[in-house]
Amino acid sequence: MSSSEDDVPLVRANGRANPTPPSAKSNGQSSTNGELDPGVSVRFGAVQNEDVKMEDADEDAHGVSKRKSRASIDQKKSYAEPDSSDEDDQPLSKRRRTSVKHEDPETDDDVPLALNGRKLPKASETAIGESSDSDMPIERKLSAQKKKIEAKAKAEAPAARKAAAAKKDTKPAAAKKQANGVKKEQADDKSSVKKMKADTGALKKGRGKVKAESAEAEDEEDEYRWWDDPAKGDGTKKWTTLEHNGVVFPPPYEPLPKNVKLKYDGVPVTLHPDAEEVAGFFGSMLNSTHNVENPVFQKNFFRDFKDIIKKTGGAKDSQGNKVEIKEFTKCDFKTIFEFYDAQREEKRNLPAAEKKALKAKRDEDEAIYQYCMWDGRKQKVGNFRVEPPSLFRGRGEHPKTGHVKTRVQPEQITINVGKEATVPPPPPGHNWKEVKHDQEGTWLAMWQENINGNYKYVMLAANSDVKGQSDFKKFEKARELKEYIDKIRKDYQKNLKNDLMVERQKATAVYLIDQFALRAGNEKGEDEAETVGCCSLKYENISLKPPCTVVFDFLGKDSIRFYDEVQVDPQVFKNLKIFKKAPKKNGDEVFDRLTTSALNKHLQNYMPGLTAKVFRTYNASFTMSNLLQGMKATGTIIEKVKAYNDANRKVAILCNHKRTVTAGHANAMEKMSERIKGLRYQKWRLKMQMLNLEPNLKKKKGAAFFERDEDLDKEWIKEHQAFLVEEQTQKIKKKFEKDNEKRVADGEKEMKVSELNERLEVVGEMKKKFEKENKSGKVEAEGRGPTVEKLEAQITKLDQRVDTMSVQAQDKEDNKEVALGTSKINYIDPRLTVVFSKKFNVPIERFFSKALREKFEWAIKSVDEDWEF
DNA sequence: CGACTATACTCAGTCTGGAGGTC
DNA sequence: CGACCTCCAGACTGAGTATAGTC
């Protein structure tokens, strides 16, 4: 195969992407279907024989995906692919050279690589691909050099673009009365100081309780600062000594009271506790309609439910006769639900003191599991509780949702612990599956879950040294990428036009990952939700709108929708079009020759340890860094915090971190805008009152000043007035009742209804007043000694309220489906926040909760204000 | 295959803004 | 009237959890 290398055509120095994409513009629809516009196909005519073949392929009943799966096998296996002699399996370049050589250089990029959707033989690809780096033909190198200059261009971009796209952030809430703001700030600061004191107090107290004194200690001299220890964090051995107490099992199942039973076809039935427990899983979540009404959930649950019933001797009615549970629809879990719901309610209504006591008890019982000794240092353990049995709630359309997640037995659990340490005792009468002393692992215990066969690990908490170290390493890795990013971008820019399909796909994928923060996109199994990332993007996930717009629409991790309409490099646009070329169709992968491991392997060539996910970290932190650097250190603390959060939000949008819109959101928004409208109505009334006092104001101020806002039409006003009347009525009634309650409590007798009616007279007057206003179109001045000046002052106040409320509303709307936390916890280098905090003199508590301060201790303590990402 | 990070959701607890009361 | 205090529903936060990714 090495001979084919010579056949690689030269990358032309003029091979710049055609700034004017193919005439496909004229034909947006067809391009979305991955078809090529006439102009392009004419050029394709040059490679006619392939087109013919493509039609053959089309008739091949197995289609692309089959070939594809074969491809992935080939990839690993061999170079002896029988197909490899096919003409179209030759490196594209070869054909291209014969057929397209003399074409207008501007267009030769349009030559399809995707040729009839058939993969190139692994052999040729590999051979050429591998050699291309070291054995790059001279000409290539030259052209590469030329292009060095033009490379820089895109360098910054990703978030800037997104940020711009993200709705312009509302102006700072600065409008708020300054005085108030300042006061509040001070109060806040005080409280945070207080809080800190309380924290250290608790810490000290806590320390007295546990045996290892030296461990956490913020102010102790022997405090260990691993981030100052150069020897830390490299190598694979994670610990030398390790002691811990194992895991906490969930409480055993408590059978339901005798009167609480599943009803089948109206008949209460008795089940073995093991089956009853499963019925309880379902019954207790009846309020989660989202799950319970999902047919897949029902089906999976019911299958498992029937199984366990069968295994445990069946269901019986009150006479002991066997009842066969056959149909899900005949099962009535309501009684069970009511029982559990009442239990929850009871728990919720427990007096605070009892709740506290309960928690204290639990903490005490679990205290020994909370910490471990890791190389002699006390470290917090993360999830030491074994996951309780339940119904599996897969996200999105997960085929396994509803299956019973079974109780984990000690016999399934592997313990990892130091050789010298005492092995944590399994529950009486039980054994561990295995006891290991794996010093290369950071886990303390591990088991396999029955739904997907996934491994579950007990590891240390986020604030532990190991986790801190790997977090640190993650961000250092991302920073390291800074040194390579230019080269990488330059390379993919160039390889967008590579003649080899794989290479072109690789370059395009890296482009997408870099520019749009996509995830790698591993292959997924049949029995998982159908979600995708970059490498697994499907035909239907990408639509192309000429000239250079790409619309992504797919379900990503956690089945969260990724929808974005973006401008891409013209060459990327062309490539995607090629990758989507027929016979590819819905369901087929866009990057059919790419796997995440191949992609990552490619990235490793640039930088050790570089993988797709590093780009996310890098771009998130880099974006944050830029945004923070661009800020001015002015304004109140509140304003600075808001500015920080706005930057944070942009990063979150970049990473597509979403949250579900809260149930009451639309309602809350509606309420807010009604209130704003109400304020404007009030404003108008005040103006009319001014007019009432001084009719000639209309001339002075101009008639426009006294106009009602357009949306305050008569109908709305009537409704609003009714609302105000009703509101007032309710208030008075409530007050009346409350007063009466008080009287009863004080031993006095209740007021009569007549008193209430008397009080309600105000409302009647209000109503009359409104009616009068509506008729006359005038508003009588209210209040004691009203003056125009006083009214003016009131209007100004209303204006401010309207402003602040509008800002709040806008904020709320903008934030409704953006989750800031995830990027703060995982993507934004905490040192950036620390620098910001120091430079702008905002207490770190404003940005990091206690948990985050502990997690990011290494950042808080190691960085001064000159640090840069 | 195994181990690790990343993610959204849940629920309980905390905070807050505004109404009403008091001075 | 207005500054301040209290109370409480509802909003928001954070810890914890379990699921879903990556490599």
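No hydrogens, no waters, no symmetry mates; every other heavy atom, side chains included, goes into these values. Chain letters run A, B, ... following the sequence lines, proteins first, then strands; residues in each count from 1.
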- Heavy atoms under 4.0 Å, any strand shown: does Asn826(A) hit a base, just sugar-phosphate, or nothing? base
- Going by modelled atom types, is there a donor-acceptor pair between the base of dA6(B) and the side chain of Lys613(A) at under 3.5 Å? no
- Item | Side chain Asn416(A), main chain Trp443(A), donor-acceptor under 3.5 Å | yes
- Centroid-centroid under 6.0 Å between Tyr563(A) and Phe552(A) rings: no
- Query: Which is true for Ser597(A) with a 4.0 Å heavy-atom rule: it touches a base, it touches only sugar-phosphate, or it touches nothing?
  - Reply: nothing
- Message: By the 4.0 Å heavy-atom rule, please label Glu449(A) as base, sugar-phosphate, or nothing.
- Response: nothing
- Assign each of Gly394(A) and Ala520(A) the nucleotide of DNA chain C bearing its closest heavy atom; nearer the 5' end lies the nucleotide of Gly394(A)
- Message: For a quick check of understanding: with a heavy-atom distance under 4.0 Å over all strands, which category does Gly453(A) fall into, base, sugar-phosphate or nothing?
- Response: nothing
- Task: Look at all strands and tell whether Arg659(A) reaches a base, only sugar-phosphate, or nothing, counting heavy atoms closer than 4.0 Å.
- Result: sugar-phosphate
- Item | Residue mapping more 5' on DNA chain C - nearest nucleotide basis, Pro388(A) or Cys534(A) | Pro388(A)
- Message: Is there a side-chain contact between Lys812(A) and the phosphate of dA11(C), meaning an N or O under 4.0 Å from OP1 or OP2?
- Response: no
- Is there a side-chain polar atom (N or O) of Asn522(A) under 4.0 Å from OP1 or OP2 of dT22(C)? yes
- Query: What nucleic acid atoms does Arg344(A) come within less than 4.0 Å of, heavy atoms only: base, sugar-phosphate, or nothing?
  - Reply: nothing
- Describe the nucleic acid contact of Lys456(A) in one word from base, sugar-phosphate, nothing, applying a heavy-atom distance below 4.0 Å. base
- Message: Does Ser390(A) reach a base, just sugar-phosphate, or nothing at all? Heavy atoms under 4.0 Å.
- Response: nothing
